[in-house]
Amino acid sequence: MAAVLERLVAEGLTARVLGQVGGERTLTDVEHVAELLHETGREGQLGLVALLEWLRAQMAEDAPPSTNARTRRLDSDAAAVQLLTVHGSKGLQFPVVYLPALTDRNVPDVPDIPLCHDDPPERTRSIDVGGSTGPQWKDSVARHKAEEAGESLRLLYVALTRAQSQVVTWWSPTGRNTSPSPLHRILFGRGPGDGPVPDTTPVPAEDFATTRLQEWAARGALALERADHAEHVPPMTTEVPPPPRPATWSRRIDTDWRRTSYTALSTPRDAQGHELTGGVGSEPELSPREDEPDTVDPVVEQTPSLPGLEVVLPGQDVASPMADLPVGATFGSLVHGVLEHADPQAADLRAELLEHVREQLVQWPVELDPEALADALVDVCDSPLGPLAQGLTLRQIGRADRLCELDFELPLGGGDLRRDAVVGAGGGTTYGARLGDLVPLLRGHLPAGDPVRAWADVLDTSPELAEQALRGYLTGSVDVVLRTGGRYLVVDYKTNWLGRPEEPLTAADYRPEKLAEAMGHSSYPLQALLYAVVAHRFLRWRLPGYRPDRHLGGVLYLYVRGMCGPGTPVVDGHPCGVFSWRPPVALVTAVSDLLDGRTTEGAA
C-alpha cells in the first residue's frame with residue numbers, strides 16, 4: 001500500500017488534491033488511511049480483498065475502537081494557535097507571534113555549578129566545582145551570570161524575528177524577575193542610541209516607564225498600546241445577520257464510475273444512473289443472494305420426457321431430492337453456506353452436512369427438516385459433474401482442490417478518465433467501455449445456439465442495458481473454483497425451481513436443453529462470462545506458467561434440485577442439473593481487455 005501511495009504521489013496526487021477546496025484535509029485523510037492499510041496488510045499478510053473487508057469493518061458503526069485508526073489527524077496547524085518555546089521556534093516563521101513572558105526571567109543569586117568560558121581567543125569551556133570556598137568561585141559566578149544574560153538577549157532576538165507580519169508582546173513588571181529579563185533591559189537599561197545593554201536594570205516608576213516607551217514608539221521601534229483600557233473593547237452589535245442560504249450545486253456527479261456487480265450491470269438504469277427497478281439500496285453485510293428467484297421459475301408448459309437417456313429406469317423419471325424443500329433467496333443462501341463450509345470428503349458426509357445445515361439455519365432461518373436437506377445435499381455431492389470435470393463428483397474433489405467464495409474486486413478501465421475525455425485514435429469521443437460493447441465479441445466468438453451468445457440479443461433489444469458503463473470496479477464472489485486434472489472450473493450453485501408448481505419435480509426439469517433455455521431467461525450468461533474473466537485474471541496473477549488454453553476449464557452452473565445422486569439421468573453425455581459451458585479463450589481474453597479499457601475487435 002505504501003508503494004501504491006508513492007506511485008500516486010509521483011503521478012501528481014498531492015498537487016491535484018491540494019488544488020481543491022479542503023485539499024489539505026483530504027490529503028491528510030488519504031495518507032492516514034494508506035498508512036493504516038499498509039500496517040494492517042503487512043502485519044496480517046492481507047491481500048486486496050481482505051484489506052477492503054478490514055476497512056469496511058473499521059468504517060462500520062459497531063467497529064471496535066482503535067486509538068490509531070479512530071483519531072482523525074490534524075490536516076494542518078497553519079490556522080491553529082501553536083504553543084512553542086523560543087528554542088523550539090528557531091528556524092520557523094509565523095504570520096503573527098505573541099510573546100507574553102519576555103519580562104519574566106528567573107535568575108538565582110548563586111548557580112549550583114557555574115558554567116562559563118575563558119576570555120578570547122581561547123574561550124575554553126569550564127565548570128567550577130570548587131564551591132563557594134574555591135579560589136575562582138566569585139569570578140566563575142560572575143562570568144556565568146554575564147553569559148546567561150547575553151544568551152537571553154540572543155533568545156530575545158530569535159523570538160522577535162519569528163513573525164512575518166506582527167509581534168505582540170507585553171511589558172508587565174513581575175517583581176524581581178523583571179530586572180534581568182531581556183525585553184525590560186533593552187527598553188529601560190539604556191536610552192535610544194546608547195551603548196551596550198546591561199545585565200540587569202531596576203524597574204522604573206510608572207511615569208518614567210510611560211515616557212521611555214513613548215520615546216521608543218516615536219522612533220518607530222514599536223506601536224504602543226495600553227492593555228487596561230476598557231474603551232478599546234468593541235461594542236456588541238445588535239444587527240441581525242441575514243438568514244443562511246443553501247449553496248447552489250454546480251458540479252456533476254459522475255454516476256458511471258461506481259463499484260458494481262454483475263447483478264447491478266444487468267439492472268436497467270436511467271440517464272441519471274438510478275436503477276429503473278428501484279432506488280439506491282443499502283449494502284448489508286449479510287443479505288440473501290440476489291441471483292435466484294423467490295418463486296418457482298418454470299421454463300416450459302409441462303415437464304417433458306427424457307429422450308436419449310443413458311441411465312434411467314424404464315418408464316420412470318428420477319425424482320428431485322429437493323422436491324419437498326422450500327424455494328427462495330434465503331433457502332439459496334442456506335444451501336450456499338452449507339456447501340461452502342462442509343468438508344466433502346468427511347468420513348461421514350451426511351453427518352458433516354447435517355451439522356452445517358443446523359449452523360447455517362441460525363443465519364438463514366428457513367422452515368424445513370434439516371435431515372431432509374442433508375440427505376438431498378448428499379445426493380448433490382454424489383452427482384456426476386459432466387465431461388468438463390472428467391465425470392467427477394463434488395465428493396471426489398477435496399478442499400485442497402477447491403477455492404470457496406473467491407471474492408474479487410476487478411478494476412475496470414477508464415476509471416481514471418473524466419467523462420468528457422477523448423479516448424483512442426481516430427476521434428472516438430468516449431470515456432470507457434459500455435456493456436453493449438460485448439455484443440460484437442459474443443457474436444464473433446460464439447456459434448449460433450450458444451446460450452451465452454443469446455445475451456447479445458438481450459443487449460440489442462435493451463438499450464438501457466447496453467448503455468451501462470464499465471468504469472470503476474466490478475465486485476462479487478465466485479461460489480467455488482474447482483481444480484480437476486490441472487484445469488480450473490468456475491462453479492456457481494443454483495437452487496432455482498424450474499418445474500411446474502402443480503407437477504412433481506424431477507430430473508427431467510433440469511435436462512441439458514432446458515438448462516440452456518433457463519440460462520437464456522436470466523442474466524446468468526453475463527455472470528458466467530464475467531466470472532470466467534475473473535478466473536482468467538486470478539490465474540494469470542497467481543499461477544506460474546499460466547496458459548488459458550490449458551488451465552481454463554470452463555464454467556459449471558449446478559442446479560442442485562436436478563442433481564439426484566449417482567442415478568442422475570445423463571443426456572448425450574451431460575448429466576441433468578449441470579449446465580456446462582467452456583468459453584473460447586479468445587472470447588475470455590477479449591472481454592478481459594474490454595474491461596481493462598483496451599479496444600478489441602470481435603472475431604469473424
Examine the side chains of [X] and [Y] and answer whether a donor and an acceptor come within less than 3.5 Å of each other.
{"X": "Arg561", "Y": "Thr495", "answer": "no"}
{"X": "Asp382", "Y": "Thr393", "answer": "no"}
{"X": "Asp509", "Y": "Trp497", "answer": "no"}
{"X": "Tyr493", "Y": "Glu340", "answer": "no"}
{"X": "Tyr510", "Y": "Asn496", "answer": "no"}

- Is there a side-chain contact between Leu354 and Pro370 (heavy atoms, below 4.5 Å)?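 Side-chain contact under 4.5 Å: yes.
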Is there a donor-acceptor pair under 3.5 Å between the side chain of [X] and the backbone N or O of [Y]?
{"X": "Arg402", "Y": "Leu394", "answer": "yes"}
{"X": "Ser320", "Y": "Thr506", "answer": "no"}
{"X": "His341", "Y": "Gly337", "answer": "yes"}
{"X": "Ser522", "Y": "Met519", "answer": "yes"}
{"X": "Thr568", "Y": "Cys564", "answer": "yes"}

- May I ask you to decide if the ring planes of Tyr524 and Tyr557 are parallel, tilted or perpendicular, using 30° and 60° as cut-offs?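 Plane angle between 30° and 60°, so tilted.
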- Taking NZ, NE, NH1 and NH2 as the nitrogens, is one of them in Arg443 or Asp450 under 4.0 Å from a carboxylate oxygen of the other?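 Looking at Arg443 and Asp450, the cut-off is not met.
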- Going by an N to O cut-off under 4.0 Å, is there a salt bridge joining Asp479 and Lys494?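 Salt bridge between Asp479 and Lys494, a charged N being under 4.0 Å from a carboxylate O: no.
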- Message: Could you walk me through whether Leu325 and Leu373 satisfy the side chain to side chain contact (heavy atoms under 4.5 Å, CB included) test, starting with their C-alpha distance in whole Å, then the side-chain angles of each, then the deciding distance to 0.1 Å, before giving a yes or no?
- Response: CA-CA 7 Å; Leu325 294 176; Leu373 178 56; 3.7 Å; yes
- Message: Leu51 vs Arg56, test: side chain to side chain contact (heavy atoms under 4.5 Å, CB included). Steps then yes/no.
- Response: CA-CA 9 Å; Leu51 278 178; Arg56 291 191 194 103; over 6 Å; no
- Please find out if less than 6.0 Å separates the ring center of Phe538 from that of Phe408. no
- Can the ring centres of His574 and Phe579 be said to be less than 6.0 Å apart?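 Ring centroids of His574 and Phe579 are no less than 6.0 Å from each other.
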- Message: Against Tyr546, only a single residue in His551, His536, Arg540 fulfils side-chain hydrogen bond (donor to acceptor under 3.5 Å, both in side chains); can you say which?
- Response: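 For Tyr546, the side-chain hydrogen bond (donor to acceptor under 3.5 Å, both in side chains) test succeeds with only one of His551, His536, Arg540, which is His536.
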- Rounded to the nearest 0.5 angstrom, the CD1-CG distance for Ile397 and Leu482 is 4.5 Å
- Message: Does Leu438 form a side chain to side chain contact (heavy atoms under 4.5 Å, CB included) with Leu459? I'd like the steps, not just the answer.
- Response: CA-CA 9 Å; Leu438 292 175; Leu459 294 174; 4.2 Å; yes
- Leu5 vs Val30, side chain to side chain contact (heavy atoms under 4.5 Å, CB included): CA-CA, chis, key distance, verdict: CA-CA 9 Å; Leu5 181 62; Val30 169; 4.3 Å; yes
- Message: Take a 6.0 Å sphere around CG of Asp324 and say whether it holds more than 12 heavy atoms from other residues, nucleotides or ligands.
- Response: no
- Considering residues, nucleotides and ligands other than Glu11, do more than 12 of their heavy atoms fall under 6.0 Å from its CD?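 Atom CD in Glu11 is packed in, count exceeds 12.
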